[in-house]
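Let me begin by presenting the structure, written as structure tokens, before commenting on it.
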Amino acid sequence: MKLYADAPVRACLQLVSDLFALVWVFVWISAALSLREVLLSLNRPGELMTSTGDGFTEHMNSAAENVRQVPLAGDALATPFAGLSENGESLSAAGDSFQESVSSLALTLPLLVAVLPLLLLAATWLPVRARWISRATSTKQLIGLAPQARTRLLALRALSLASPTQLMAVHEDPAGAWQENDPDTVTELAALELRRLGLRTEPIAEQKALEPS
């Protein structure tokens with residue numbers, strides 16, 4: 001797999017872009033984890049509400065049981081304590097609900113904070129980088145072909161992928177010259193494709209030097 005160009009400037013730019021992508025991922029994931037910690041810290045009020053409600057309910061139930069033992073008026077005396085016990089249960093339920101809301105928020109918001117920037121990176125940097133790696137790798141794999149076949153195939157790629165301005169700088173009719181197998185034009189087109197990818201053109205130059213004049 002070819003990860004970086006042979007041209008120093010192109011390779012440096014690719015390395016910088018890769019480092020930027022790694023820093024981008026690290027920063028946003030770290031931000032998401034920090035936000036999650038902050039949101040989870042908000043659970044404390046809910047825990048206090050639940051704990052207070054449970055304790056209040058327990059004490060009121062205990063008080064209700066004690067006053068029920070009073071002869072004749074026990075049940076009547078226990079009724080207010082039973083009502084207060086229900087208030088404690090409501091407080092506990094409110095605390096549980098608060099904690100559930102915080103937990104849900106602590107999952108959703110950090111996920112959005114991390115996923116949206118990563119999707120942006122996947123939609124911009126990743127396709128460009130993956131496309132270059134794929135093309136550069138496949139170009140390097142052409143080394144196993146015969147020199148003339150490799151040159152013609154590279155020239156064909158240039159015809160398909162290079163801009164019209166680049167092609168016209170090589171020949172006024174690059175496609176026709178390629179079909180006629182004009183050696184100079186085919187070689188220049190092949191070199192153009194290698195330069196477009198930032199790869200070394202020496203093999204093409206060496207082949208041209210070896211060709212009979």
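This structure is a prediction, so every number in the text was calculated from the model and none was measured.
- Listed here is the closest heavy atom pair of Leu39 and Ala106: CD1-CA, 3.7 Å.
- Applying the side chain to side chain donor-acceptor pair (under 3.5 Å) test to pairs two or more places apart or on separate chains, those with a residue in residues 154-166 are Ser138-Arg157, Thr139-Arg157, Ser163-Gln166.
- Ala11 and Tyr4 make their closest contact through O-CD2, 4.1 Å (heavy atoms, listed as atom of the first residue, atom of the second, distance).
- Between Lys140 and Asp6, at least one side-chain N (NZ, or NE/NH1/NH2) sits under 4.0 Å from a carboxylate O, which counts as a salt bridge.
- Annotation: side chain to side chain donor-acceptor pair (under 3.5 Å) contacts involving residues 22-36, sequence neighbours excluded, are absent.
- Residues forming a salt bridge (charged side-chain N to carboxylate O under 4.0 Å, His left out) with Arg196 (at least two apart in sequence, or on another chain): Glu193.
- Hydrophobic clustering (ILVMFWY, side-chain heavy atoms < 4.5 Å, transitive): Val25 and Phe20 are in one cluster.
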Problem - side chain to side chain contact (heavy atoms under 4.5 Å, CB included) assessment of Gln14 paired with Leu3 - result: CA-CA 9 Å; Gln14 289 174 333; Leu3 295 179; over 6 Å; no
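- At least one side-chain heavy atom of Leu167 sits under 4.5 Å from a side-chain heavy atom of Leu189.
- The salt bridge (charged side-chain N to carboxylate O under 4.0 Å, His left out) check on Arg129 picks up Asp18, with sequence neighbours excluded.
- In this structure, the side chain of Thr124 engages the main chain of Leu120 through a donor-acceptor pair within 3.5 Å.
- Rounding to the nearest 0.5 angstrom, the gap separating the CG atom in Leu111 from the CG atom in Leu35 is 11.0 Å.
- Judged purely by atom type and a 3.5 angstrom limit, Ser41 uses its side chain to pair as donor or acceptor with the backbone of Val38.
- When all heavy atoms are compared, the tightest approach of Leu126 to Ala122 is CB-O, 3.7 Å.
- Grouped with Val16 in a hydrophobic cluster is no other residue, since no side-chain heavy-atom contact under 4.5 Å to another Ile, Leu, Val, Met, Phe, Trp or Tyr is found.
- Leu142 is connected to Met1 through a chain of hydrophobic side-chain contacts under 4.5 Å among Ile, Leu, Val, Met, Phe, Trp and Tyr, so both are in one cluster.
- Legend: residues meeting side-chain contact (heavy atoms from CB on, under 4.5 Å) with Asn181, ordered by chain and number and at least two apart, are Arg152, Val186.
- One distance of note links CG of Leu192 with CG of Leu159; it measures 9.0 Å at 0.5 Å rounding.
- Formation of a donor-acceptor pair under 3.5 Å by the Trp132 side chain with backbone atoms of Leu197 is found in this model.
- A donor-acceptor pair is defined here as one N or O able to donate and one able to accept, closer than 3.5 Å; such a pair exists between the side chain of Thr137 and the backbone of Lys2.
- Atoms CG and CG, from Leu19 and Leu15 in turn, are 4.5 Å apart once rounded to the nearest 0.5 Å.
- Following chains of ILVMFWY side-chain contacts shorter than 4.5 Å, one cannot reach Val102 starting from Leu107, and the two form parts of different hydrophobic clusters.
- Residues Ala177 and Thr185 approach most closely at CB-CG2, 3.5 Å, considering heavy atoms.
- Note on Ile29 and Leu40: separate hydrophobic clusters, where clusters join Ile, Leu, Val, Met, Phe, Trp and Tyr whose side-chain heavy atoms are under 4.5 Å apart, directly or indirectly.
- In the hydrophobic cluster analysis, where Ile, Leu, Val, Met, Phe, Trp and Tyr join through side-chain heavy atoms closer than 4.5 angstrom, Val113 is grouped together with Leu121.
- Here the shortest heavy-atom pairing between Arg10 and Gly198 reads NH1-N, 3.5 Å.
- Among all heavy-atom pairs drawn from Arg150 and Leu145, the shortest one is NH1-O, 3.6 Å.
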Practice task
Take Leu194 and Arg200 through the test side chain to side chain contact (heavy atoms under 4.5 Å, CB included) and record every step on the way to the result.
Solution key: CA-CA 7 Å; Leu194 292 176; Arg200 294 187 303 110; over 6 Å; no
